Amino acid sequence: MNSDFFNDLRESGVQEVVPEQVNVGLIGCGSMGSELARAVQRGEAGSAKIIGLFDEYQPGRTALANELGSNGNSKPVEAETVSDLVNQPNLDLVIECASQAAVVAHAETVLSAGKSMLVMSSGAMISPDFMRTVSAMAEKSGASIYIPSGAVGGIDALRASKALLKEVTIVSTKKPISLTGAPGFADWEDKEITQATVIYEGSATEAVGLFPANVNVAATVSMAGIGPDATKVRVVADPNSPGNVHEINAVSKAGKFSFRFENMPHETNPKTSFLAVLAAIETLRSICEPGLRIGT
Ligand SMILES: NC(=O)C1=CN([C@@H]2O[C@H](COP(=O)(O)OP(=O)(O)OC[C@H]3O[C@@H](n4cnc5c(N)ncnc54)[C@H](OP(=O)(O)O)[C@@H]3O)[C@@H](O)[C@H]2O)C=CC1
Ligand SMILES: O=C([O-])CC(=O)C(=O)O
């Protein structure tokens with residue numbers, strides 16, 4: 001919050017409300033998790049504090065714990081399991097920045113303990129059965145599940161017009177290097193791609209399994225809007241793509257919407273857009289500062 005704003009409040013005699021610290025456990029200490037943790041430490045996510053870390057890649061977890069604990073700062077606990085993470089005293093929220101598999105493996109442990117969860121690998125939530133199970137668990141334990149907009153925007157408009165939507169398409173274009181390792185890219189790994197090439201066309205339901213580290217955005221778009229079976233996805237490999245580009249087109253009885261995001265890839269993981277990290281930080285900040293909400 002702008003410091004002039006608080007100065008004005010003080011001068012006018014209104015007392016500043018100090019928000020309570022929100023204690024966070026992080027699953028996934030890779031590109032996004034590390035960047036998010038650094039932003040939290042710089043105070044960019046309100047009153048959040050990272051108190052524990054878990055990553056199946058132990059050196060990554062240790063490196064981040066040491067970095068956060070340097071310069072006299074308190075070092076987060078390195079949890080050996082997600083249960084250990086969840087059992088940290090006063091933990092409020094678990095942030096997942098790992099993989100769809102991590103969400104499937106650990107959501108139950110987190111939510112049944114009454115801890116809220118912010119999910120970045122939103123593709124895991126696309127299965128209606130899984131979504132029903134975890135939502136019921138959260139409802140029972142009083143926890144919340146947060147799914148940030150991630151590497152796209154326009155989620156607010158899709159949510160608002162949900163009942164009136166007739167058609168939603170998302171086209172995700174990335175450089176071939178950003179698609180490597182995806183099951184849906186297996187047939188292309190050894191081929192030279194010299195121009196924009198459609199790699200996949202189908203539903204969001206199928207796309208998130210074929211490109212688990214590339215089209216979580218399609219899952220988020222589909223859950224906000226017309227649903228995963230009806231949301232059409234196209235994945236394009238283009239060596240000349242200006243970045244990770246996502247284009248969303250929606251036709252509804254409320255109008256036609258088009259959104260285009262030409263995202264800068266993250267420095268250490270070109271599959272992930274930097275905007276997705278910013279979206280995670282902003283969601284966390286808004287959890288820490290309940291009150292004013294801008295956008296749907
Ligand atoms: N919603 C959205 O819009 C977006 C979502 N994403 C998703 O966010 C997630 C994080 O992205 P990013 O940080 O770039 O990915 P990285 O690969 O850089 O980091 C992920 C880290 O999590 C670890 N990990 C993976 N699976 C598990 C698990 N089951 N349990 C514990 N740790 C695990 C990885 O270890 P190891 O390397 O050993 O597997 C790695 O250290 C990804 O799933 C990505 O697809 C990304 C961009 C946009
Ligand atoms: O960051 C992006 O551009 C999109 C992405 O990887 C995802 O949705 O999984």
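Small disclaimer: the values here were computed from a predicted structure and weren't measured. Ligands are counted one by one from 1 in listed order, and the atoms in each one are counted from 1 as well.
- At a 3.5 angstrom cut-off on N or O pairs, Gln100 does not count as close to ligand 1.
- Note: no N/O pair closer than 3.5 Å links Glu96 and ligand 1 by distance alone.
- Taking the six-membered ring where the residue is Trp, the centroids of His106 and Phe54 are separated by under 6.0 Å.
- Here the closest heavy-atom approach between residue Phe211 and residue Ala182 is recorded as CD2-CB, 3.7 Å.
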Exercise for review: Could you check Val208 against Gln100 for side chain to side chain contact (heavy atoms under 4.5 Å, CB included), going step by step and ending with a plain yes or no?
Suggested key: CA-CA 9 Å; Val208 297; Gln100 291 178 19; 4.0 Å; yes
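- More than 12 heavy atoms of other shown residues, nucleotides or ligands fall within 6.0 angstrom of atom CG in Leu164.
- Ranking protein heavy atoms by distance to atom 14 (O) of ligand 1, first place goes to Thr272 OG1, 2.7 Å.
- At a heavy-atom cutoff of 4.0 Å, ligand 2 is surrounded by Ala151, Lys174, Ala213, Asn214, Val215, Asn216, Val217, Asn244, His246, Lys271, Thr272, Ser273.
- Nearest protein heavy-atom contact of atom 41 (O) of ligand 1 is Asp55 OD2, 2.8 Å.
- Not a single heavy atom of Gly60 sits under 4.0 Å from any atom of ligand 1.
- Ranking the protein heavy atoms by distance from atom 5 (C) of ligand 1 puts Met120 O, 3.2 Å first.
- Atoms of ligand 1 found under 4.0 Å from any heavy atom of Gly150 (numbered from 1 in listed order, with element): 2 (C), 3 (O).
- Comparing His246, Met32, Glu56 against atom 31 (C) of ligand 1, the shortest heavy-atom distance belongs to Glu56.
- Residues satisfying the salt bridge (Lys or Arg N to Asp or Glu O under 4.0 Å) test with Glu67, not counting sequence neighbours, are Arg38.
- Within a 6.0 Å radius of NZ in Lys140, no more than 12 heavy atoms belonging to other residues, nucleotides or ligands are found.
- Some N or O of Ala151 is nearer than 3.5 Å to an N or O of ligand 1, by distance alone.
- Inclusion of Asn269 in the set of residues having an N or O under 3.5 Å from an N or O of ligand 1 is warranted.
- From the protein, the heavy atom lying nearest to atom 10 (C) of ligand 1 is Cys97 O, 3.3 Å.
- Under the 3.5 Å distance criterion, with hydrogens and angles disregarded, no donor-acceptor pair is assigned to the side chains of Lys115 and Thr109.
- Of the protein's non-hydrogen atoms, the one nearest atom 37 (O) of ligand 1 is Tyr57 CB, 4.6 Å.
- Applying the salt bridge (Lys or Arg N to Asp or Glu O under 4.0 Å) test to Glu44 and every residue at least two apart in sequence or in another chain returns Arg42.
- With hydrogens and angles left out, the side-chain atoms of Gln21 and Asn23 include a donor and acceptor closer than 3.5 Å.
- Ligand 1 places these atoms under 4.0 Å from at least one heavy atom of Val217: 3 (O).
- When each atom of ligand 1 is checked for a heavy atom of Pro212 under 4.0 Å away, the hits are 45 (O).
- In this structure, Leu275 is not a member of the same hydrophobic cluster as Val40, with clusters built from ILVMFWY side-chain heavy atoms closer than 4.5 Å.
- Scanning the protein for heavy atoms near atom 48 (C) of ligand 1, the closest one is Ala276 CB, 3.4 Å.
- At a distance under 4.0 Å, a protein heavy atom can be found next to atom 45 (O) of ligand 1.
- Distances below 4.0 Å separate heavy atoms of Ala213 from the following atoms of ligand 1: 45 (O).
- Counting the atoms of ligand 1 from 1 in the order shown, those under 4.0 Å from a heavy atom of Ser99 are 25 (C), 26 (N), 27 (C), 29 (N), 43 (O).
- Not counting sequence neighbours, the partners of Arg132 by the salt bridge (Lys or Arg N to Asp or Glu O under 4.0 Å) test are Asp129.
- Follow the hydrophobic side-chain contacts under 4.5 Å out from Val82 and you never reach Val77; the two are in separate clusters.
- Met117 and Ile95 fall into different hydrophobic clusters, defined by Ile, Leu, Val, Met, Phe, Trp and Tyr side-chain heavy atoms under 4.5 Å apart, directly or through other members.
- Considering only non-hydrogen protein atoms, atom 18 (O) of ligand 1 sits nearest to Ser31 N, 2.9 Å.
- Residue Gly28 has at least one heavy-atom neighbour below 4.0 Å for each of these atoms of ligand 1: 22 (O).
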Point to revise | Asp84/Val86 under side chain to side chain contact (heavy atoms under 4.5 Å, CB included): CA gap, chis, key distance, verdict | key: CA-CA 6 Å; Asp84 286 350; Val86 166; over 6 Å; no
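- The closest approach between a heavy atom of Ser34 and any atom of ligand 1 is not below 4.0 Å.
- Counting only distance, with no hydrogens or angles, the side chain of Asp55 and the backbone of Tyr57 share a donor-acceptor pair below 3.5 Å.
- In the hydrophobic cluster analysis, where Ile, Leu, Val, Met, Phe, Trp and Tyr join through side-chain heavy atoms closer than 4.5 angstrom, Met223 is grouped together with Val134.
- Of the charged side-chain nitrogens involved, at least one lies within less than 4.0 Å of a carboxylate oxygen, so that Arg260 and Glu262 count as a salt-bridged pair.
- With hydrogens left out, the protein atom closest to atom 43 (O) of ligand 1 is Ser121 OG, 2.6 Å, a heavy atom.
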